[in-house]
Structure formats: C-alpha cells, structure tokens
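In what follows, a structure is listed as structure tokens, so that the remarks can point back to it.
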Amino acid sequence: MSGAHRLPAPGRRRLLASVALLGFVWTAVWVCSLPWRYPSSTLFYKFGVDRGMLLAGKSAGMAAGCMLLFQLITVARMPGLTRVVSQDRLVTLHRRSGWLLVSLAMLHPLLVFATEDLAAIPVSFDYWPEIVGAGLLVLLSATALLTQARDFGGIPHGYWKVGHRFTALAVAVLLVVHLLFVNDGYGAGPPRQVVVAGAAIIGLLWAWIALRPLRRPHPHRVDKVLEAGKDAVTLVLRPVNGSPLAHLPGQFVYIRIRSEALSAEEHPFTIASQPVRPEGLWLTIRCSGDWTRRVGRVRSGDLVFVQGPHGCFSPDAYDPAERLVFIAGGVGITPMLSILRALADRGDTRRIRLIWSNRTRADRVHPDMIKNLDRSLPGLQTTHIFTRQAEAGCRPEGITPERLEELVGPYQVGTLVFLCGPSEFMRRIKDLLLRLGYPRHTIKTETFRM
C-alpha cells in the first residue's frame, strides 16, 4: 500500500523478539554471576550453605537491577522495538514484571541476612549503604502498591504518571549508590564497570522517556470536532507540515493536546480513519473519564502532538487470512472502522464477520459508517448485539456461548479474529473463542492500559 507504515513480517517479528529476549536473559544471567566470580571480602568468612545463601542474595540484587533496566525498556517506545513487539503488549509486560522486580528486591535482603543475627548488627551511620538499600526496598514496594491501587483510589492519571516517573529515577539513583558502596566487591574491575555502564544506560533511557514531550513528534491541528454518538466525539486532525501520518489501518497513536480546555496529558487512541484518504487523522474518543469528558471542548486550530503509530492490530501486520472475524465492544469498534474501510477501498471480497456489542443503539459510534460498509464490502456480515435494549421484540442479551457459536462457528483454518473492547469483555470473549477451538495465536487483541 503506497505510503503506508510498514512492519516486519510476522515470522521476522517473532524471530527478532526471541533474539532480543534471549540476548537480555543471557546478559542478565552474566550480570547475576558477577558476585560468584568476583567475591567480596565478606565471603572470606562464609562457608557451605551460609556462603551459598549470601551469594544467592547478591545475585538476586543484581537481578533486580536488571529488571529495573527491563522496566524502562518496555516503556521507552523505542521505534525499533515497537515495530517488533506491539506497544500495548510492552506496557502490559511492564505492569506484570514490576512485581517480579519487587520480589527480587525483597529476596535480596532475606537471603543476605538469613544466616546473620540481626539483633547483633549495630544500627549506625557506618552502615549507611545498607540503610539506603532498606529505603530503596520501601520505595519500590510503595510504588508497586500505589500503582496497583490507583484505579481504586481515584488518583488522576497525570499526577500518578509524573510521580511514577520521578520515583523510578529515585529508585535508580539509590540502587546505584547502594551497589557501589555496600561492599568492596564493586570497587573495581568488571563488577564496577557493569554498575557504571548500567547506570549510564538507565539514565539515558530515563531521559529519553522524560524528554519525550519536548520532542513534539508529528504536530497536527484540530480541524473539526464531530459528534460520534452518545458521549463520544471524533477529533479530525490535520498535519501542520501537510505530510499525513503513515500508518496501518487499526494502529493507534499517543496524543498530547495544547488547549485551554484540558491539561496536556498524554493519552493513547486508536486511529479510526484510513491511511490513504485525504480526510485527516480521525480519533474517536468515548467521554468517560475526567480528561476525556473535556475533549469535546477543544477548538479548531488547537495544536496536537501525535506520537506513533503503534500496534499490530491490523490484518496488514499478519500473513493473509482467508476469513476475518471482528468482535467489538462499544468504542472498541474504532480500529475496525479503519480496517474495514481500508478493505472496502481495496475491493476485498473475503468472508468477513463483524459482531458489535453495545448497551443500546444510542451507544454506537459512527453507525452510518457501518451501514455504508455493509453495502461496499460484499463479504461483510454484521451483527449488532444490545445488552440493555430489546431488539425486534426480543429480550436484550450479551454475547453468550451459544450466540457466539452460532455467529462464528468452530474454528476454520485460515481465520483471524480481531477482538477489541473493555478488558473484561475481551477476557470473556477470548475464553469463549478458545473453547470453540480457535488457537490462541489466531486471536488478536489490543489493550490500552497506562
């Protein structure tokens, strides 16, 4: 497709991701072996099990340092990496691996002091590197708990993000200080070189992330603000330099809006427009949160900084499929609008099944687009499901196992399924598809969780 954003072929993406992961694991194992190959003077008085536990504790601490580096890599949005692994997958991995980082950090002192009489250890300023380590552990644990609880505590995303970012910097600084001064094992040679090199890489990654707003990629201006449906608006953006953003149908971008109507927080949204049409960049947004409820107040001419595109939620990112199934919950239809409109422009004749679940008819976004697609895509079959509104005299219902089997049937070779919507909706539908025999690798999802 002329001018479109390109991704490596699926097989090449898997190979590159595997090589990158194996490379990181090998490096981490090598780093964790340093305490064994370059023992500190504290090990001269340890033997047998005591020596093994102390070494294991030191290795756990080094592994925690490697995981901190891994955490920064997953959210750095490095172009080479996000073309191989979808950014939403990296963010999900970041959230899950955070608990591994905390667990390794906790395991470190437990193993190191397991054979010591803690009551006999004097508490004085002479042991300040150990005190720094204790503060580091408390800070890490508090950060993990706060991140887990922020959805329930009502912490505004913008405040949490700034706090999380600077907490990460504090953790990195405390970790480096602790490593360099806690014992003489890191005073010289390869251990010290590794700590210094790791500190430099972490510092560069943190600066890359923190300075992202100053880079102002892909400046656009708001052309129109359209009503897209109940509690939903569409921002139509035009590039400032006249060069449209190259992307695949179904990908998403991060945007930062400079407007008096709302704060300049960064948020991800799927592109609802097509890559090749001169209609501007369409972002359809459900007004459901503190920030999104004010999006409709932005004005024509407001500046928008667009970063991306990201994601592999597109048939163009995979080998050609004979049959396509799209299942959307609510505003999760937006990437599918981009995909289906692109397929219609290409004259695609494949069998395509679209299932769109909403609470009521009024909750649909861009329903007229779907009507037009039913006419322009000969192989498209569309089914609307309303969970809180009766349809044609029938009771309202969700996507039940029986209903899903009736609509998509058991797995057929050559089928790709694209699933997008609220997290619980996607988990439930994915489980039902697996029960129908759909292989996990044929079900493509995209989750926006920051």
Side-chain angles (χ1 to χ4, degrees), residues 17 74-75 85-100 144-145 147-154 157 232 250-252 267-270 284-286 288-289 292 310-315 317-318 321 323-337 339 353-360 363-365 382-388 396-412 415-450:
T74 55
V75 293
V85 184
S86 177
Q87 181 60 27
D88 72 299
R89 299 278 193 279
L90 290 170
V91 171
T92 299
L93 187 59
H94 175 85
R95 293 176 63 88
R96 292 175 178 173
S97 59
W99 288 107
L100 177 57
L145 291 173
T147 299
Q148 190 69 20
R150 69 184 176 97
D151 293 336
F152 305 100
H157 176 264
Q251 289 190 300
F252 71 94
H267 289 265
F269 296 106
T270 301
T284 298
I285 301 168
R286 177 75 75 187
S288 57
T292 54
H310 297 289
C312 301
F313 193 78
S314 173
Y318 302 95
R323 174 177 178 246
L324 297 172
V325 174
F326 298 94
I327 306 175
V331 78
I333 193 67
T334 52
M336 299 171 192
L337 287 174
I339 295 168
R353 165 68 76 176
L354 171 63
I355 304 169
W356 189 11
S357 176
N358 286 281
R359 294 180 179 181
T360 67
D363 288 302
R364 295 179 299 174
V365 297
T382 302
T383 299
H384 294 275
I385 291 179
F386 302 106
T387 60
R388 297 189 183 179
E397 65 170 351
I399 302 179
T400 62
E402 298 77 17
R403 185 68 166 139
L404 186 62
E405 184 174 9
E406 173 192 337
L407 293 172
V408 303
Y411 173 69
Q412 302 172 31
T415 300
L416 271 184
V417 181
F418 292 86
L419 172 62
C420 189
S423 298
E424 183 55 40
F425 171 86
M426 289 197 292
R427 281 194 294 267
R428 185 172 63 84
I429 299 302
K430 186 173 184 178
D431 182 61
L432 295 178
L433 288 168
L434 293 173
R435 293 184 196 177
L436 287 174
Y438 284 79
R440 193 174 296 273
H441 71 272
T442 66
I443 305 170
K444 311 302 178 183
T445 61
E446 194 153 67
T447 304
F448 295 105
R449 186 73 183 268
M450 299 177 65

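Position 1 is the first residue of the sequence, and the numbers go up from there.
Without hydrogens or angle criteria, Arg353 side chain to Leu407 main chain gives a donor-acceptor distance under 3.5 Å. The backbone N or O of Val365 sits nowhere less than 3.5 Å from a side-chain atom of Arg286 that would complete a donor-acceptor pair. No donor-acceptor distance shorter than 3.5 angstrom exists from the side chain of Gln87 to the backbone of Gly311, with no hydrogens or angles considered. For Ser97 (side chain) and Leu100 (main-chain N/O), no donor-acceptor pair under 3.5 Å exists by modelled atom type.
Counting heavy atoms from C-beta on, the side chains of Phe269 and Thr334 never come closer than 4.5 Å. In this structure, Thr415 and Thr442 have side chains that are not in contact, with every pair of non-hydrogen atoms separated by 4.5 Å or more. Here the side chains of Lys444 and Cys312 are not in contact, with every heavy-atom distance at 4.5 Å or above. Within the 4.5 Å cutoff, the side chain of Thr387 has heavy atoms near those of the Ser357 side chain. Side-chain contact between Arg440 and Lys430 is present, with heavy atoms from C-beta onward closer than 4.5 Å. Two residues are said to be in side-chain contact when any heavy atoms from C-beta on lie closer than 4.5 Å; Leu419 and Phe425 meet this criterion. Between Arg323 and Val408, the closest side-chain pair of non-hydrogen atoms falls below 4.5 Å.
Using a 30° and 60° split on the angle between ring planes, Tyr438 and Tyr411 fall in the perpendicular class, above 60°. In this pair, His384 and Trp356 present their aromatic rings tilted. The plane angle is within the 30 to 60° band.
Atom CD1 of Ile327 is separated from atom CD1 of Ile355 by 4.5 Å, given to the nearest 0.5 angstrom. Rounding to the nearest 0.5 angstrom, the gap separating the CZ atom in Phe386 from the CG atom in Asp363 is 9.0 Å. Atom OG1 in Thr445 sits 7.0 Å away from atom CG in Asp88 (nearest 0.5 Å). Residue Leu404 holds its CG atom at 9.0 Å from CZ of Arg428, rounded to the nearest 0.5 Å. Between atom OG1 of residue Thr383 and atom CG of residue Leu354 there is a gap of 8.0 Å, rounded to the nearest 0.5 Å. Rounding to the nearest 0.5 Å gives a distance of 10.0 Å between OG1 of Thr400 and CD of Glu405.
Ion pairing of Asp431 with Arg435 is present here, as a side-chain N (NZ or NE/NH1/NH2) and a carboxylate O approach within less than 4.0 Å.
The two residues Pro439 and Leu434 come nearest to each other via the heavy atoms C-CD2, 4.4 Å. Thr270 and Phe252 make their closest contact through CA-CB, 3.7 Å (heavy atoms, listed as atom of the first residue, atom of the second, distance). Of all the heavy atoms in Gly421 and Met426, the pair that sits closest is O-CE, 3.4 Å. Across all their heavy atoms, Gly409 and Leu436 have their closest contact at O-CD1, 4.1 Å. Smallest separation of non-hydrogen atoms from Cys420 and Pro335: SG-CG, 4.1 Å.
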Could you go step by step and tell me if Val85 and Thr74 meet the side-chain contact (heavy atoms from CB on, under 4.5 Å) rule?
CA-CA 10 Å; Val85 184; Thr74 55; over 6 Å; no
